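Both backbone and side-chain heavy atoms feed into the values below; hydrogens, waters and symmetry mates do not. All values derive from a computational prediction rather than experimental measurement.
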Amino acid sequence: MLPSLLLLGVLSLPSYARFTRSTVTAATYAGGTSTADYPPSGATNNAVDSYFPDASQVGYPGPTPTGDEAEAIATAPSYPKVTTAFPLVKPNAADNKGGTFDVIRYWGNLSPMYSVESFGLPDASPLIPEGCGLNQVHLLIRHGARYPTTGDGPSKFATAIHTAASGPGFTVSGALEFLSTWTYKLGAEILTPFGHEALFNTGVSFRVRYGELLKGFTELPVFRTTSTDRMVDSALNFAAGFFGLRTYQDDYRQEILIDAGGFNNTLAPYLICQNNGEVSNYGYSQASKWENIYLQSALKRLQPMIQGYNLSITDLFEMQQTCAYETVALGYSMFCDLFTEEEWNGFEYAQDLQYWYNVGPGNPTAAAMGLGYVQELVARLTQTPITVWNSTTNSTLDGNNITFPLNQPIFVDVTHDVSIASIVTALNFTSLAANGPLPTDHIPPNQSYIASQIAPFASNLVAQVLSCPASEEPTHIRFILNDGVVPLTGVNGCLEDKNGLCALSSFISGMQERIGQIDFDYDCFANYTMPDPDNITDGRYPAWMRNLAAQ
């Protein structure tokens, strides 16, 4: 009977599955949109579902003894590095087929998270330094890989190509021949399957490293995220990995902050800071200057391969974006092979420019946008309730010890990439800004501000609070950004340390000073224009320009 069923399956394939290259036309497919919805409409049937009881109803679970909690971060002899993006297929650069160049690491904020070797402390490891013990961790995570923002570059490129292919004279050849049958298969905004996996795996790895701290809870943990669909899914996937799929909904409390204009939210501060909307496009204009330099060679190389359509620099940049988005959504993209190593380096730097000048050290609103989270961090570290509401903190939620507990051994917040970029600016991680301001006509040597190392998909920033009895100061803190230990020498009172340690009292004092320096109301709401040239490196509007404007 089985062979007959298999044969029936072949004979009943839908018509689209039987098309070959010779039966399709560019006008029909090039740039057209293709989507799929799952589960099938009407698939739920309670009468049928009753035949499939869950495990608690079936019973017979077998032995279920529980082991002790893991704490690999303190006991392991070495730290495992994230080096691959399984199950994504590694793309090739146009001039390095099968070589060692890893295109995936050159997509800026569109890169999947990978372990950063060093932010200037080559001897430091995320493992707890010898002689210290772990007291507490604060984890800030970016959501997993997603589809493009609604109306973003890849969809614009697909529309342009589809329009051209529907007219006369459109032909493609060589490396661009695939465009004749290429369809746009990307959704918008929500997580891709790979994005779900990354956050689940992050939860698993965090449990292996820091699970021992669960023993310090007397109440269920409160973890936070925002209401955007991809954020909620990321938070739930993390929790399922951290606690276990069958029990996670009962093992913690998930707080969801409204992610929309008019609601204070430290995990989505850009919606509150009015001036960020006014000046955030500055980064795009700076990046555009660089795009018009590094993509000239690609334009000359690829234009002869397409007739009936004039490629622009913007098209080529959107093709590079499509490479990244298709890879994290579909597993592979033909667009990746179109660009050389040098051009992928150029794409990375364009992303660096966008982040530096939009939400990073070169933007006058960046520190103000990160201020609220820093205030929350200090409140948690000191177990002191917030009483001054002068940023994006939410007085309703942060002023309640149920929705904003101060005494947890583990804190987890899931946020956006732009929020992470602003938060590390507010924390004054000056080593990241060491070679700023960023030029727009070349990539500077020893580039220190790299978007793929700061805010990739599933980016994570961990603050470890440590007891180090042998030290003059018994309690320390340090920060690990995507597995790279970050120097804290930009924080007043934090000294150079090979392990990135800072005495907790000094860090708190330095952060209180930093909080006092940031004028949220002015930077976010005052009437000013971007400095020209923009020499900002600390994410704050220059005091001398503010004083000049006041005269």
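Counting only heavy atoms from C-beta outward, the side chains of Phe157 and Phe335 approach each other to under 4.5 Å. When side chains are defined from C-beta on, Asn394 does not count as touching Phe404, because their heavy atoms never get closer than 4.5 Å. Val465 has its side chain out of reach of Val137: every pair of non-hydrogen atoms, C-beta onward, lies at least 4.5 Å apart. Residues Leu299 and Leu316 form a side-chain contact, since some pair of their non-hydrogen atoms from C-beta on lies under 4.5 Å apart. No side-chain heavy atom of Tyr325 sits less than 4.5 Å from a side-chain heavy atom of Thr322. Taking the side chain as every heavy atom from C-beta outward, Asn292 and Phe317 never approach each other to under 4.5 Å. For the pair Asp123 and Leu121, the minimum side-chain heavy-atom distance is 4.5 Å or more. Contact of the Asn363 side chain with the Tyr282 side chain is not registered, since no non-hydrogen atoms from C-beta on lie closer than 4.5 Å.
Looking at Asp315 and Ser312, their side chains do bring a donor and an acceptor atom within 3.5 Å of each other. With no hydrogens or angles considered, no side-chain donor-acceptor pair links Gln351 and Ser452 at under 3.5 Å. Tyr355 and Asn109 share a donor-acceptor pair across their side chains, judged by distance under 3.5 Å alone. At a cut-off of 3.5 Å, with distance as the only test, no side-chain donor of Tyr373 or Thr392 sits close to an acceptor on the other residue. Glu376 and Thr393 are not linked by any side-chain donor-acceptor pair at a separation below 3.5 angstrom, with hydrogens and angles left out of the test.
Leu371 approaches Asn390 most closely through the heavy-atom pair CD2-O, 4.3 Å. Annotation for Asn276 and Val359: closest pair ND2-CG1, 4.3 Å, computed over non-hydrogen atoms. Between Ile410 and Val412, the closest heavy-atom pair is CG2-CG2, 3.9 Å. The shortest non-hydrogen separation linking Ile258 to Asn265 is O-ND2, 3.1 Å. The heavy-atom pair separating Pro91 from Tyr332 by the smallest distance is CA-CE1, 4.3 Å. Asp259 and Ser227 make their closest contact through N-OG, 2.8 Å (heavy atoms, listed as atom of the first residue, atom of the second, distance).
Of the options Leu427, Ile480, Ile454, a side-chain contact (heavy atoms from CB on, under 4.5 Å) to Leu461 is made by Leu427 and by none of the others. When each of Asn135, Leu134, Ile73 is paired with Leu213, the side-chain contact (heavy atoms from CB on, under 4.5 Å) condition holds for Leu134 and for no other.
Taking CG from Leu353 and CD from Glu348, the interatomic distance works out to 10.0 Å, rounded to the nearest 0.5 Å. Put simply, CD1 on Ile190 and CZ on Arg230 are 10.5 Å apart, with the number rounded to the nearest 0.5 Å. Summarising the geometry, atom CG belonging to Leu488 is positioned 11.0 Å from atom OG belonging to Ser506; distances are rounded to the nearest 0.5 Å. Distance check: Gln320 CD to Ser333 OG gives 11.0 Å after rounding to the nearest 0.5 Å. Taken to the nearest 0.5 Å, the CH2 atom of Trp107 stands 9.5 Å off from the CZ atom of Phe457. For the atom pair His143 NE2 and His196 NE2, the distance stands at 12.0 Å (nearest 0.5 Å).
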Using residues 525-538 as the side-chain source, report each donor-acceptor pair under 3.5 Å to any protein atom, sequence neighbours left out, with the distance given to one decimal.
residue: Tyr528; atom: OH; partner: Asp523; partner atom: O; Å: 2.4
residue: Asp534; atom: OD1; partner: Ile536; partner atom: N; Å: 3.0
residue: Asp538; atom: OD1; partner: Arg540; partner atom: N; Å: 3.2

For a quick test of your reading: what N or O donor-acceptor pairs under 3.5 Å do the side chains of residues 429-446 make, sequence neighbours left out?
residue: Asn435; atom: OD1; partner: Ser448; partner atom: N; Å: 3.3
residue: Asn435; atom: OD1; partner: Ser448; partner atom: OG; Å: 2.7
residue: Asn435; atom: ND2; partner: Gln447; partner atom: OE1; Å: 2.8

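In this structure, Thr192 contributes its side chain and Gly195 its backbone to a donor-acceptor pair below 3.5 Å. Of the possible donor and acceptor atoms, one in the side chain of Asp497 sits under 3.5 Å from a partner among the backbone N and O of Gly500. Checked by atom type and distance alone, the side chain of Asp152 never pairs as donor or acceptor with a backbone atom of Pro148 at under 3.5 Å. In terms of modelled atom types and a separation under 3.5 Å, the side chain of Asn428 and the main chain of Gly490 share a donor-acceptor contact. In this structure, Asn482 contributes its side chain and Gln453 its backbone to a donor-acceptor pair below 3.5 Å. Side chain of Thr415 to backbone of Leu267: a donor-acceptor contact under 3.5 angstrom is found. The backbone N or O of Thr382 lies less than 3.5 Å from a partner atom in the side chain of Thr384, making a donor-acceptor pair. Without hydrogens or angle criteria, Gln464 side chain to Gln136 main chain gives no donor-acceptor distance under 3.5 Å. Of the possible donor and acceptor atoms, none in the side chain of Thr340 sits under 3.5 Å from a partner among the backbone N and O of Ala94. Judged by distance alone, the side chain of Ser115 and the main-chain N or O of Val82 form a donor-acceptor pair under 3.5 Å.
Within the structure, every pair that satisfies the salt bridge (Lys or Arg N to Asp or Glu O under 4.0 Å) test and touches residues 413-430, not counting sequence neighbours, is listed here: Arg142-Asp417, Arg224-Asp413, Arg380-Asp413. Sorted by first and then second residue, the ring pair (Phe, Tyr, Trp, His ring centres under 6.0 Å) pairs with a member in residues 252-272 read Phe223-Tyr252, Phe243-Tyr252, Tyr270-His416; sequence neighbours excluded.
A tilted orientation is assigned to the rings of Phe242 and Phe206, their planes being inclined by 30° to 60°.
Aromatic rings from Phe347 and Tyr106 are positioned such that their centres are separated by 6.0 Å or more. Under the 6.0 Å cut-off for aromatic ring centres, Trp290 and Tyr349 qualify, their centroids lying closer than that.
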CA sep, side-chain torsions, deciding dist, call: Met231, Ile256, side chain to side chain contact (heavy atoms under 4.5 Å, CB included)
CA-CA 9 Å; Met231 304 288 284; Ile256 301 174; over 6 Å; no
Applying salt bridge (Lys or Arg N to Asp or Glu O under 4.0 Å), run through Arg146 and Glu189 and close with a yes or a no.
CA-CA 6 Å; Arg146 60 169 174 85; Glu189 313 281 355; 5.3 Å; no
Worked check of side chain to side chain contact (heavy atoms under 4.5 Å, CB included) between Ser155 and Tyr184:
CA-CA 7 Å; Ser155 63; Tyr184 186 72; 3.7 Å; yes
Check the pair Thr225, Gln254 against side-chain hydrogen bond (donor to acceptor under 3.5 Å, both in side chains), reporting the backbone distance first and the verdict last.
CA-CA 8 Å; Thr225 190; Gln254 182 65 65; 5.2 Å; no
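Applying the 6.0 Å contact sphere to NZ of Lys498 captures no more than 12 heavy atoms from other residues, nucleotides or ligands.
The salt bridge (Lys or Arg N to Asp or Glu O under 4.0 Å) test applied to Asp519 returns Arg546, not counting sequence neighbours. Under the side-chain contact (heavy atoms from CB on, under 4.5 Å) criterion, Ser125 pairs with Tyr79, Leu127, not counting sequence neighbours.
A salt bridge links Asp102 with Arg105; the closest basic N to acidic carboxylate O contact falls under 4.0 Å. Salt-bridge formation is not detected for the pair Glu318/Lys156: no Lys NZ or Arg NE/NH1/NH2 atom is positioned less than 4.0 Å from an Asp or Glu carboxylate oxygen.
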